[in-house]
Novice: 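A single structure is presented below for examination.
Treat the numbers as computed from the prediction; the structure is a model and nothing was measured.
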Amino acid sequence: DAKTTQPPSMDCAEGRAANLPCNHSTISGNEYVYWYRQIHSQGPQYIIHGLKNNETNEMASLIITEDRKSSTLILPHATLRDTAVYYCIVRFGNEKLTFGTGTRLTIIP
Amino acid sequence: EPEVTQTPSHQVTQMGQEVILRCVPISNHLYFYWYRQILGQKVEFLVSFYNNEISEKSEIFDDQFSVERPDGSNFTLKIRSTKLEDSAMYFCASSVGARAAFFGQGTRLTVV
């Protein structure tokens, strides 16, 4: 079973920042937090991952709380193409990714 | 940008037939995975493969399934005798190691 909890759905206005929360209260010290998204039935797309420091790349920012029990994925300027299901996954090393049901993010024009 | 390539994009097969789904992982990657997603359901792990052997498999990955890396570039999933319930999207993924896994666009398998 997935070790994370995410809201089932969220809406965000186009051009605004989308903030997607994730709880992972049982995360262990050497497990990373990964974020993927899936648009329609396409293959899951890697977004970002982190251990304990905040991370930023060209797609998004990842904010991890100091106790590492929760994190937030931030899409700074959401576009319609960001409409997708977003998955927060806790993973150790190169072990399998366990997908939950994710958050269905809808960007509203 | 390197990507994982899967062929075919869509395969229709008769129940009981064998199918082979093909994947070309990213060239310097060493870990390979197969996942599947039945329509409307979660993405489910099937198997992971490293150093020419299966490193982990799920309950779904029974004797009807097998994986192979026949050469230096391809990674295949074979289903020996397909059932209606094998109809799903099948995704291949690869990673360098303890880093992000990258997924292909999938093969839609329809068993009739």
Novice: Are A/Val90 and A/Tyr32 connected in the hydrophobic side-chain network, where two residues link if heavy atoms are under 4.5 Å apart?
Specialist: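 No, it is not one cluster - the side chains of A/Val90 and A/Tyr32 are not joined through contacts under 4.5 Å.
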Novice: Is the number of heavy atoms from other residues, nucleotides or ligands under 6.0 Å of B/Glu59 CD greater than 12?
Specialist: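 Not more than 12 within 6.0 Å, no.
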Novice: Return yes when atom CG of B/Leu84 has more than 12 non-hydrogen atoms of other residues, nucleotides or ligands closer than 6.0 Å, and no otherwise.
Specialist: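 Buried by this count: over 12 neighbours within 6.0 Å.
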Novice: Given a strict heavy-atom distance threshold of 4.5 Å, which part of A/Gln38 is in contact with chain B: side chain, backbone, both, or neither?
Specialist: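 It is the side chain, since no backbone atom gets that close.
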Novice: Return yes if some donor-acceptor pair links the side-chain N/O of A/Tyr36 with the main-chain N/O of B/Ala101 below 3.5 Å, else return no.
Specialist: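 The answer is yes, because a donor-acceptor pair under 3.5 Å joins these two groups.
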Novice: So if you build clusters from Ile, Leu, Val, Met, Phe, Trp, Tyr with side-chain heavy-atom gaps below 4.5 Å, do B/Ile26 and B/Tyr90 land together?
Specialist: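 Different clusters: B/Ile26 never reaches B/Tyr90 through Ile, Leu, Val, Met, Phe, Trp or Tyr contacts under 4.5 Å.
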Novice: Do you know which of A/Gly102, A/Pro44, A/Gly93 has the most heavy-atom pairs under 4.5 Å to chain B?
Specialist: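 Counting heavy-atom pairs under 4.5 Å, the top option is A/Pro44.
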Novice: Drop me the distance from B/Arg99's CZ to A/His49's NE2, to the nearest 0.5 angstrom.
Specialist: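 Answer rounded to 0.5 Å: 7.5 Å.
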Novice: Answer yes or no: are there more than 12 heavy-atom neighbours, outside A/Arg104 itself, under 6.0 Å from its atom CZ?
Specialist: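 For A/Arg104, atom CZ is not crowded (no more than 12 foreign heavy atoms under 6.0 Å).
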Novice: If I compare all heavy atoms of A/Asn94 with all of B/Tyr33, which pair ends up nearest, and what's the gap?
Specialist: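 So the minimum-distance heavy-atom pair works out to O-OH, 2.8 Å.
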Novice: Can you measure from CZ (B/Phe103) to CD (A/Gln42) and round to the nearest 0.5 angstrom?
Specialist: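 One gets 13.5 Å once the value is rounded to the nearest 0.5 Å.
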Novice: With only heavy atoms counted, which part of B/Glu56 is less than 4.5 Å from chain A, the side chain, the backbone, both or neither?
Specialist: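 Interface part for B/Glu56: side chain.
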Novice: Side chain, backbone, both or neither: which part of A/Phe92 has a heavy atom under 4.5 Å from chain B?
Specialist: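 Looking at A/Phe92, nothing touches chain B.
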Novice: Measure across A/Arg91 and B/Ser95 and return the closest heavy-atom pair with its distance rounded to 0.1 Å.
Specialist: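 Result for this residue pair: NH2-OG, 4.1 Å.
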Novice: Heavy-atom cut-off 4.5 Å, strictly under: side chain, backbone, both or neither for B/Tyr35 against chain A?
Specialist: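 Side chain of B/Tyr35 only, per the 4.5 Å heavy-atom cut-off to chain A.
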Novice: Taking A/Trp35 as the starting point, is it possible to reach A/Ile27 by hopping between hydrophobic residues whose side chains are less than 4.5 Å apart?
Specialist: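 A/Ile27 clusters together with A/Trp35.
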Novice: Might you confirm whether atom CZ of B/Arg80 has over 12 heavy atoms from other residues, nucleotides or ligands at distances under 6.0 Å?
Specialist: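 More than 12 within 6.0 Å, yes.
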Novice: Quick check on the interface: out of B/Gln37, B/Gln41, B/Arg108, who has the most heavy-atom pairs with chain A under 4.5 Å?
Specialist: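 Between B/Gln37, B/Gln41, B/Arg108, the count favours B/Gln37.
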Novice: Measure the OH-NZ distance between B/Tyr31 and A/Lys96 for me, rounded to the nearest 0.5 Å.
Specialist: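 Reported to 0.5 Å precision, the distance equals 15.0 Å.
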Novice: Can the positive tip of B/Lys42 be found less than 6.0 Å from the middle of the six-membered ring of A/Phe99, inside 45° of the ring normal?
Specialist: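 Output no; distance or angle outside limits.
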Novice: Are A/Leu105 and A/Ile74 co-members of a hydrophobic cluster defined by side-chain heavy atoms under 4.5 Å apart?
Specialist: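 The answer is no; the residues belong to distinct hydrophobic clusters.
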Novice: Can you get from B/Leu21 to B/Phe91 by hopping between Ile, Leu, Val, Met, Phe, Trp and Tyr side chains that sit under 4.5 Å apart?
Specialist: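 No, it is not one cluster - the side chains of B/Leu21 and B/Phe91 are not joined through contacts under 4.5 Å.
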